[in-house]
Enquirer: 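Structure in structure tokens, see below.
In listed order, ligands and their atoms are each counted from 1. Remember, predicted model here, so these are calculated numbers, not experimental data.
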Amino acid sequence: MKDILKKFNLTSPFYSVSTGQYHWKSTGETFKINSPVDGLLIGEINSATATGFNKVVQQAQTAFLTWRTLPAPKRGDIVRQFGNELRLHKQDLGTLVSYEMGKSLQEGLGEVQEMIDICDFAVGLSRQLYGLQMHSERPQHRMLEQWHPLGIVGIISAFNFPVAVWAWNAAIAWVCGNVCLWKPSEKTPFSALACQEIMKTVLKNNNLPEGISSMVIGGRDIGKQMAANPNIPLVSATGSTRMGKSVAETVGKRLGKTILELGGNNAIIVTENADLKHAIPAIVFGAVGTAGQRCTSTRRLIVHASKYDVLVKQLSSTYKQLSIGNPLNEKNHVGPLIDKDAVNQYTKAINTAIEQGGKVLYGNKILEGTPYSSGCYVLPTIIEANPKMAIVKHETFAPILYIMTYDTLEEAIAINNNVPQGLSSSVFTLNIRESEAFLSHQGSDCGIANVNIGTSGAEIGGAFGGEKETGGGRESGSDAWKAYMRRQTCTLNYGKAMPLAQGIKFDFN
Ligand code: NAD
């Protein structure tokens with residue numbers, strides 16, 4: 001790992017930095033970053049101070065004045081170069097993500113691939129930031145709308161996607177003409193710093209100011225400072241619903257804009273017409289992939305009563321075959337949780353479920369000894385539950401799957417929807433009436449609704465996000481770019497008269 005850190009200029013094991021690329025020493029709080037894989041220290045890092053934070057904001061403001069003058073396709077070209085650098089660094093960055101966060105190497109590499117893909121998308125988008133033209137009600141008038149950049153886009157990211165979610169935001173925000181200020185999770189700062197180093201080289205090669213892509217290291221306090229800063233017109237925040245409510249309140253008070261990507265509590269409905277050969281792998285990947293630490297992880301399984309026994313039998317037998325251990329070893333299916341706090345949350349949720357009437361069908365164990373010395377490895381767990389249990393409505397960021405039964409599809413959809421969160425959902429069925437009912441306006445109330453595909457694993461081409469306590473934001477593909485720009489409606493009069501709208505007469509001598 002030292003070699004990889006060195007390649008990204010993150011050389012010292014006690015790396016001290018307040019603002020990412022500027023490498024200013026800081027007196028802020030120190031975070032010790034230990035890998036959840038083996039518990040070893042990756043490095044130490046200091047939080048930015050309030051003064052350091054304000055300096056970075058000033059540099060970003062200055063950089064914006066240059067960046068916004070570049071034509072959008074030229075900005076796209078810079079993003080293209082960044083994507084090409086990511087291709088060159090994919091193996092190293094993916095490995096660092098995997099080691100720092102604990103997700104499998106395949107998923108670490110997959111994160112970097114998502115970054116590359118969103119760069120490609122953004123390059124194309126840089127020639128397609130279309131506005132509409134409308135017919136005016138007045139003669140010899142023309143109406144059109146155009147889109148302008150906002151300024152600084154503040155990006156707060158969560159530990160579970162240490163780099164990809166930033167890129168979803170940054171690549172789009174850049175081609176739209178904004179500069180980005182990133183506050184990565186204080187649990188995974190080294191992966192973030194590696195991305196900064198890559199972009200720094202691209203900017204340097206093009207004689208562009210570093211402030212186009214800047215970073216502040218810090219925890220909740222720095223995140224709060226970002227939310228409160230009136231020089232940051234848009235804050236895009238990914239993390240827990242608790243965090244999102246705080247950011248929404250603070251940014252709302254100053255009438256700034258937010259994109260909120262918050263907690264999920266995603267369900268799969270398995271109907272009597274489901275093909276279990278497809279459903280089982282999708283359920284298992286959704287529930288135990290990334291050790292249940294995806295916002296789109298499958299947390300609830302809503303199964304038609306006629307399929308319940310066979311499904312439980314097949315699931316339990318698949319869970320028994322899961323290999324748990326070092327995520328850098330491709331043979332393992334499940335790696336560690338991010339830290340011991342997360343292990344405590346796992347235990348607490350299982351105990352609460354039991355108190356509320358749940359029955360553990362598999363799992364409920366913290367793994368000990370070699371190779372589990374970091375203390376962060378747990379056995380994925382299946383709990384027989386009922387939808388009324390309070391814990392079932394709560395997102396626990398761990399591999400715990402609540403399984404429950406239903407009799408009619410209406411009932412299954414009601415269970416799917418009857419939680420505060422609204423991120424991802426899916427139905428397994430070969431019956432078109434069932435799939436269409438699930439996708440109809442009376443069906444799933446989530447931002448993502450899939451048929452014969454699990455809840456996790458989204459493609460960058462679609463707009464990603466969820467409803468209700470998931471925050472309502474949309475990122476990545478489709479027309480999500482519009483949230484990163486301000487819309488301006490323009491009316492031009494090229495005639496010799498001065499007619500008013502709505503036929504109003506305002507004549508005077
Ligand atoms: P978290 O809320 O603890 O932290 C996320 C980020 O917010 C961190 O950078 C943290 O420093 C910052 N933060 C915390 N409190 C803040 C505050 N009051 N003001 C400003 N910033 C603050 O979340 P986490 O544990 O890192 O990540 C797990 C959570 O993220 C889960 O709930 C998961 O569902 C969610 N998530 C959602 C999506 C999505 O797209 N919907 C994607 C990834 C993760």
Enquirer: List the residues meeting ring-ring contact (aromatic ring centres under 6.0 Å, His included) with Phe438, not counting sequence neighbours, and say none if there are none.
Expert: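 Phe438 satisfies ring-ring contact (aromatic ring centres under 6.0 Å, His included) with no residue once adjacent residues are dropped.
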Enquirer: Is the closest basic N to carboxylate O distance between Glu467 and Arg474 below 4.0 Å?
Expert: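 Yes, charged N to carboxylate O under 4.0 Å.
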Enquirer: Return the orientation label for the His89 and Phe8 ring planes: parallel under 30°, perpendicular over 60°, tilted otherwise.
Expert: tilted
Enquirer: Partners of Ala227 by side-chain contact (heavy atoms from CB on, under 4.5 Å), sequence neighbours excluded?
Expert: Val247, Thr250, Val251
Enquirer: Collect the protein residues that have a non-hydrogen atom under 4.0 Å from ligand 1 and hand them over in chain and number order.
Expert: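 Within the 4.0 Å shell of ligand 1, which is judged on heavy atoms, sit Ile156, Ser157, Ala158, Phe159, Asn160, Lys183, Pro184, Ser185, Glu186, Gly219, Arg220, Gly223, Lys224, Thr238, Gly239, Ser240, Arg242, Met243, Ser246, Val247, Glu261, Leu262, Gly263, Gly264, Cys295, Glu395, Phe397, Leu423, Phe464.
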Enquirer: Could you tell me whether Arg294 and Glu107 have a side-chain N and a carboxylate O separated by less than 4.0 Å?
Expert: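 Judged by the 4.0 Å cut-off on N to carboxylate O distance, Arg294 and Glu107 do form a salt bridge.
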Enquirer: Which residues satisfy the ring-ring contact (aromatic ring centres under 6.0 Å, His included) test with Tyr372, sequence neighbours excluded?
Expert: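 Tyr372: ring-ring contact (aromatic ring centres under 6.0 Å, His included) contacts with Tyr377.
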